[in-house]
Number of protein chains: 2
Amino acid sequence: MAATILDVADLCGYSKATVSRAFASPDQVAEKTRQRVYDAARALNYTPDAIARAMVRGRTDNIGFVIYEKQYPVVLNPFYSPIFESVLQTCARKGYSLFISSDRDLRLPNGQTCVKKQMDGIILAGQSDAQMVMDLRRQNMPVVVLNNAIDVDDLTCVTTDQYGGALLAMQHLTQRGHRKIGIIAGAFSPHVCTSRYNGYCDALREIGQTIDYRYVQTIEPTAEHATQCASMMLSLPDRPTAIFCTNDTIAVGTMKAALRAGLRIPQDLAIVGFDDSEISHLVEPELTTVRVDKAAMGRIAAEQLVAQIEGEQPQKQVIQTAVELVVRQTT
Amino acid sequence: MAATILDVADLCGYSKATVSRAFASPDQVAEKTRQRVYDAARALNYTPDAIARAMVRGRTDNIGFVIYEKQYPVVLNPFYSPIFESVLQTCARKGYSLFISSDRDLRLPNGQTCVKKQMDGIILAGQSDAQMVMDLRRQNMPVVVLNNAIDVDDLTCVTTDQYGGALLAMQHLTQRGHRKIGIIAGAFSPHVCTSRYNGYCDALREIGQTIDYRYVQTIEPTAEHATQCASMMLSLPDRPTAIFCTNDTIAVGTMKAALRAGLRIPQDLAIVGFDDSEISHLVEPELTTVRVDKAAMGRIAAEQLVAQIEGEQPQKQVIQTAVELVVRQTT
DNA sequence: TGAGAAAATGAGAACGTTTTCACTGAAAGG
DNA sequence: CCTTTCAGTGAAAACGTTCTCATTTTCTCA
């Protein structure tokens, strides 16, 4: 039904090879010819068929962005919004289109055709694991892991200085004189969990404080769970004077528990979050948090992937982007 | 490099036609044959090439989800999260994969190969306009519009009862005795804006109240703009006793302005939002808002699109899903 | 003006599938 | 035992491009 390259060739009197060139590499074709080809194409409402093109070139110039977070089985995790934006721009600059795909597509039974074949490479964000990476690798699919660190040969991971961020947050609290500091940790990927928890421990060690395990809690990272967990921690006879929350959603949930318990923030309870997500400055009082350089993460991940797609050998490396403490009103 | 159907055929001793059938329509092939084909495929690490398959079938079984919101030029708008989830499930049930694409891909210059050809149809969400729909139509691309209503021939739009929702919110306020009610309206698509504004006006008319234009403001729908706008409205000599915000983000920004002005919510100022987004129960006090049936929107849009893809003639219609008032603590 | 270089074009194979049509052999029915 | 049916299979033509190689045309410079 739709016009093909042959129809255009017939109409303008050139061969299909020339028409193809007029679209795919315009500088290989005479100015006059190009004009005639474009005129004919417009007349026929023709655009090159991406599928046929991908078929013969063996590449689609598409990159897939797969977000997999267990607690947010939803692709549209707002945390990734700025990251996506940065990935998108980098891809566009390099000549690639970007598609977000649901994690489910990677999990199709018996390896049937899926995302894979239609993408030149994949950015795997979040709680991805070695298994997922290996699955993709087996199909010769270039992969870069984003916001996680996984131990697989020749695998590039782009993440944040999780440990440094946690240390920053905790040192901020200890410098303000806090000694009884709790942590409410979300069950993220092992890499994120352990790094942030280590930052917590080391900061306490620095001031010679031993860890009080009544102040250490791990939860599903939703605001509701956080509220519940914080309520319990705050009803201890000697409650903590500060709580380090391993992301902003948890911090907001914790704030709610404090307000309900009649505590003033930050006078009675100081709270620090992590991520500097949008909500951190929507709540009242505004949240002190650790800002991660999402733009850099996105850009670097995209650049690494494109390099791989274009033939570079992947290195086993973990690239960490910088963190920064944003002091607002909850401390 | 990667194994093709021919390699598998050679290894298992059948023709490529049979191998193809073993994967594409397993019931047309003898049990014993199918096993041998699968064994050979596994040995060679073969999976069918989706591109080649799409080429000959003339379809990809992919559906594109394009979100275009001006104030959120970011694809990962959390409002769409539950909608996406519902679209995804419906598509999966019908045998389609779903890809989110950036609106930018639709806007490529000179109609070069883009999203279009790799998708069997597109769900256009948000502030799409007639132009975008026509562009896609010209490429014979089935389209359904989501969360907007556009006046184009034979176009199916799935949206919410915007007017009814606004009326519900306003009647709730007037029933509680409010007379001086402000509106802070976000600059959304014309359809959303006018419907919600009409609801506001009609509710006031019902109680014989004339519209005080000092209480009517339109803003870019961010929390910051809302805070600023609400501050001004609240510093009027006779400030409103309630404000209807046309989405939850605006409502949160308005709450912040009220708290900063030392007003108690809801005693001094009642606030109603719209959308029932996640943030509405994260803030303190929790937000009264209008819940829209996102699951239904997603499901219906996907069903309509699939029907179109599979040959049904598109109808010109606007399907409205139900709304419901969720009363929380801000009223 | 003519030779050589460079630019523009065309012919046709290739990309990896699906699918139509024809063929084979086995089961079914009388 | 002969016909009819039907499930299973194979041969080969598509699908709409790109790209190599060869050919023709145009340009450059002595």
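Chain identifiers are assigned alphabetically (A, B, ...) following the order of the sequence lines, protein sequences preceding nucleic acid strands; residue numbering begins at 1 within each chain. Keep in mind the model is a prediction, meaning the values are calculated, not measured. Atom set for the values below is all heavy atoms of this structure, side chains included, hydrogens, waters and symmetry mates excluded.
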Notebook entry, point to check: Tell me, which pairs form a side-chain hydrogen bond (donor to acceptor under 3.5 Å, both in side chains) where one or both residues lie in residues 1-11 of chain B, sequence neighbours left out?
Noted result: none
Item checked: dT18(C) phosphate, OP1 or OP2, under 4.0 Å from R57(B) side-chain N/O -> no
What pairs of donor and acceptor atoms, side-chain ones from residues 300-314 of chain A against any protein atom, are under 3.5 angstrom apart with sequence neighbours left out?
residue	atom	partner	partner atom	Å
Q304(A)	OE1	Q317(A)	NE2	3.3
Q308(A)	NE2	V143(A)	O	3.4
E310(A)	OE2	Y96(A)	OH	3.0

To the nearest angstrom, how far is [X] atom [atom1] from [N] atom [atom2]?
| X | N | atom1 | atom2 | value |
| --- | --- | --- | --- | --- |
| D7(B) | dT17(C) | CG | P | 9 Å |
| Q28(B) | dT19(C) | CD | P | 9 Å |
| M55(B) | dT18(C) | CE | C1' | 11 Å |

Notebook entry, point to check: Quick one: salt bridge (Lys or Arg N to Asp or Glu O under 4.0 Å) partners of K94(A), sequence neighbours excluded?
Noted result: none
Item checked: Sequence neighbours excluded - salt bridge (charged side-chain N to carboxylate O under 4.0 Å, His left out) pairs with any residue from residues 148-160 of chain A -> D151(A)-K316(A)
Next item on the list: Check every atom of dT19(C), dT9(C), dT17(C) against the side chain of I5(B) and return the nucleotide holding the closest atom.
Entry: dT17(C)
Item checked: Heavy-atom contact window of chain B on DNA chain D, given 5' to 3' at under 4.0 Å -> dG8(D) to dG16(D)
Next item on the list: Kindly give the heavy-atom pair with the smallest separation between V19(B) and A9(B), and that separation in Å.
Entry: CG2-CA, 3.7 Å
Item checked: Of R21(B) and A52(B), the one whose closest DNA chain D nucleotide lies more 5' -> R21(B)
Next item on the list: Using a strict 4.0 Å threshold on nitrogen-to-oxygen distance, state whether R36(A) and D39(A) make a salt bridge.
Entry: no
Notebook entry, point to check: For residues 10-18 of chain A, which residues have at least one heavy atom under 4.0 Å from DNA chain D?
Noted result: K16(A), A17(A)
Margin query: Can you tell me how the ring of Y38(A) sits relative to the ring of F23(A), calling it parallel under 30°, perpendicular over 60° and tilted otherwise?
Written below: tilted
Check: Cut-off 3.5 Å, side chains only: do D135(A) and Q131(A) have a donor facing an acceptor?
Finding: yes
